[in-house]
2 protein chains.
Amino acid sequence: MSDQLFLDNQYCFSLYSAANAVTRAYRPLLKELDLTYPQYLVMLVLWQHGRQRVSDLGNALYLDSGTLTPLLKRLELKNLIERTRSKEDERARDINLTQRGVELQQQAMDIPSTLACSITLSREELDQLKQLCNKLL
Amino acid sequence: MSDQLFLDNQYCFSLYSAANAVTRAYRPLLKELDLTYPQYLVMLVLWQHGRQRVSDLGNALYLDSGTLTPLLKRLELKNLIERTRSKEDERARDINLTQRGVELQQQAMDIPSTLACSITLSREELDQLKQLCNKLL
DNA sequence: TGATATTGTATTGTGTACAATATAATTTTA
DNA sequence: TAAAATTATATTGTACACAATACAATATCA
């Protein structure tokens, strides 16, 4: 009976702890760029796809405006992005990289390989993990 | 080059999003018990092992006192636990279930099976996911 | 076209996470 | 045994997550 409560725990708790551990692993690397992990994710989307609306970022990252609005304001304060009103739809915000935001990508280049070194999983295991997580979503 | 930044993203981002999705899935179920997911995790440890110190809970859940102290105070306000000083060591807190805390386990019995229904992974996939997450930790 | 509904963000409030620091009790050691 | 180090928890400050709500711009339709 409490058995059930314990077993179930294992699956989701592992996921929860591993996700916390990942953002902990990123923290020291991202600190050099003065970014948090969710801020880094936003920058990744912008580096790859350019101008995005808040809703585009929300769809890409599975986050809502309550999370993104203050996060984007912090990126704006750091002069990494601009938040302008869309010309087509005055309700929407266009999120654009500033020059400084574009340039930051250079500094981020080393992060993936550095992080890979501190991870004990093989490429195959990482692929498997990714697939399972995506199936769960 | 930005390729690298994108690929890396996939692995850790999947984990991060899946973990968020899991706490979202738990939310409506736990709302009936007036618990959050991390509060539920604390209760699971207490239901299974009884009296714990803050540091025991921290070790079990990979969380520190900055997270646990306010969380435990909320559980205390809800009359689910007591936070007494340890007799052996006055620095330590003994976290004990109240009668109401013990009784809440009955109401939690259905959660694992209910949640399992809303998850699309097979038992084998869940086992695999758990193993990979634990290896990552 | 004017009322109604929808859409895109923003705001508010609650609850984590965690670094950095503080504080008090216990242990160690000179 | 008194000072120094260690240990256990608490506090402070910053930054997510997200539900609930608000609000203004746009779209729909009677």
Side-chain angles (χ1 to χ4, degrees), chain A residues 13 16-31 33-43 51-59 61-78 80-81 83-95, chain B residues 13 16-43 52-59 61-78 80-81 83-95:
Chain A
F13 170 57
Y16 162 84
S17 299
N20 282 344
V22 161
T23 73
R24 262 196 302 273
Y26 268 103
R27 209 182 307 271
L29 305 184
L30 291 175
K31 190 171 188 178
L33 313 198
D34 189 25
L35 290 178
T36 64
Y37 184 64
Q39 288 170 11
Y40 173 66
L41 291 177
V42 167
M43 294 302 285
R51 186 178 68 235
Q52 300 279 298
R53 292 185 174 180
V54 174
S55 55
D56 297 328
L57 293 170
N59 290 332
L61 302 173
Y62 306 102
L63 295 172
D64 73 2
S65 70
T67 301
L68 287 172
T69 296
L71 187 158
L72 293 170
K73 285 182 178 174
R74 283 188 280 274
L75 289 180
E76 189 181 36
L77 272 178
K78 297 184 211 180
L80 297 174
I81 63 163
R83 306 184 321 123
T84 57
R85 287 286 171 197
S86 166
K87 275 170 188 164
E88 299 100 51
D89 186 338
E90 280 283 319
R91 292 168 303 181
R93 288 272 191 190
D94 280 340
I95 308 299
Chain B
F13 169 57
Y16 162 83
S17 299
N20 282 342
V22 160
T23 74
R24 262 197 299 273
Y26 268 103
R27 208 182 307 272
L29 304 184
L30 292 175
K31 190 169 188 181
E32 297 182 30
L33 314 199
D34 190 25
L35 290 177
T36 64
Y37 184 63
Q39 289 170 9
Y40 172 67
L41 292 177
V42 167
M43 295 301 285
Q52 300 279 297
R53 291 184 175 180
V54 175
S55 56
D56 297 328
L57 293 171
N59 290 332
L61 301 174
Y62 307 102
L63 296 172
D64 73 1
S65 69
T67 302
L68 286 173
T69 297
L71 186 157
L72 293 169
K73 286 184 178 173
R74 278 179 215 108
L75 290 179
E76 189 180 36
L77 272 177
K78 295 184 211 180
L80 297 174
I81 63 164
R83 305 182 324 124
T84 57
R85 288 284 170 198
S86 167
K87 276 170 188 166
E88 299 100 55
D89 187 339
E90 280 283 321
R91 292 169 302 181
R93 287 272 191 191
D94 280 340
I95 308 299

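A quick note: this is a predicted structure, and the numbers were derived from the prediction, not measured.
The interatomic distance linking B:Ile95 (CD1) with D:dT9 (C1') rounds to 10 Å, in whole Å. Separating the CZ atom of A:Arg27 from the C1' atom of C:dA19 is a distance of 8 Å, rounded to the nearest angstrom. Per the geometry, NZ belonging to A:Lys31 stands 12 Å off C1' belonging to D:dT14, to the nearest Å. To the nearest angstrom, P of D:dC18 lies 16 Å from OH of B:Tyr26. The distance between atom CG of A:Leu63 and atom C1' of C:dT16, rounded to the nearest whole Å, is 15 Å. For A:Leu30 and C:dA19, the CG to C1' distance is 15 Å, given to the nearest whole Å. With rounding to whole Å, A:Asn20 atom CG is found 11 Å from C:dA19 atom P. Look at CD on B:Gln52: it is 14 Å from P on D:dA8, rounded to the nearest Å.
Side chain of A:Arg85 to backbone of A:Arg91: a donor-acceptor contact under 3.5 angstrom is found.
Residues forming a side-chain hydrogen bond (donor to acceptor under 3.5 Å, both in side chains) with B:Thr84 (at least two apart in sequence, or on another chain): none.
Test B:Leu63, B:Thr69, B:Thr67, B:Leu68 against B:Ser65 for side-chain contact (heavy atoms from CB on, under 4.5 Å) and you get one pass: B:Thr69.
Phosphate contact (OP1/OP2 of D:dC16, side-chain N/O of A:Gln39, threshold under 4.0 Å): present. Proximity of B:Arg24 to the phosphate of D:dC18: a side-chain N or O atom is located under 4.0 Å from OP1 or OP2.
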query = Can you list the steps and then say if A:Arg53 with A:Asp94 is a side chain to side chain contact (heavy atoms under 4.5 Å, CB included)?
reply = CA-CA 5 Å; A:Arg53 292 185 174 180; A:Asp94 280 340; 3.9 Å; yes
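Contacts classified as salt bridge (charged side-chain N to carboxylate O under 4.0 Å, His left out) and involving residues 62-76 of chain A (residues at least two apart or in different chains) are given here: A:Glu76-A:Arg83.
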key: Sequence-aligned protein contact record of nucleotides 2-14 of chain C, with B where the base is within under 4.0 Å of a protein heavy atom and S where only the sugar-phosphate is   = -----BSSBB---
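Residues A:Tyr37 and A:Glu88 each lie close to DNA chain D; by heavy-atom proximity, the contact nearer the 5' end of the strand is made by A:Tyr37.
The shortest heavy-atom contact between A:Tyr40 and A:Leu35 is CA-CD1, 4.2 Å. A pairwise comparison of heavy atoms in A:Asp34 and A:Lys78 identifies O-NZ, 2.7 Å as the closest pair.
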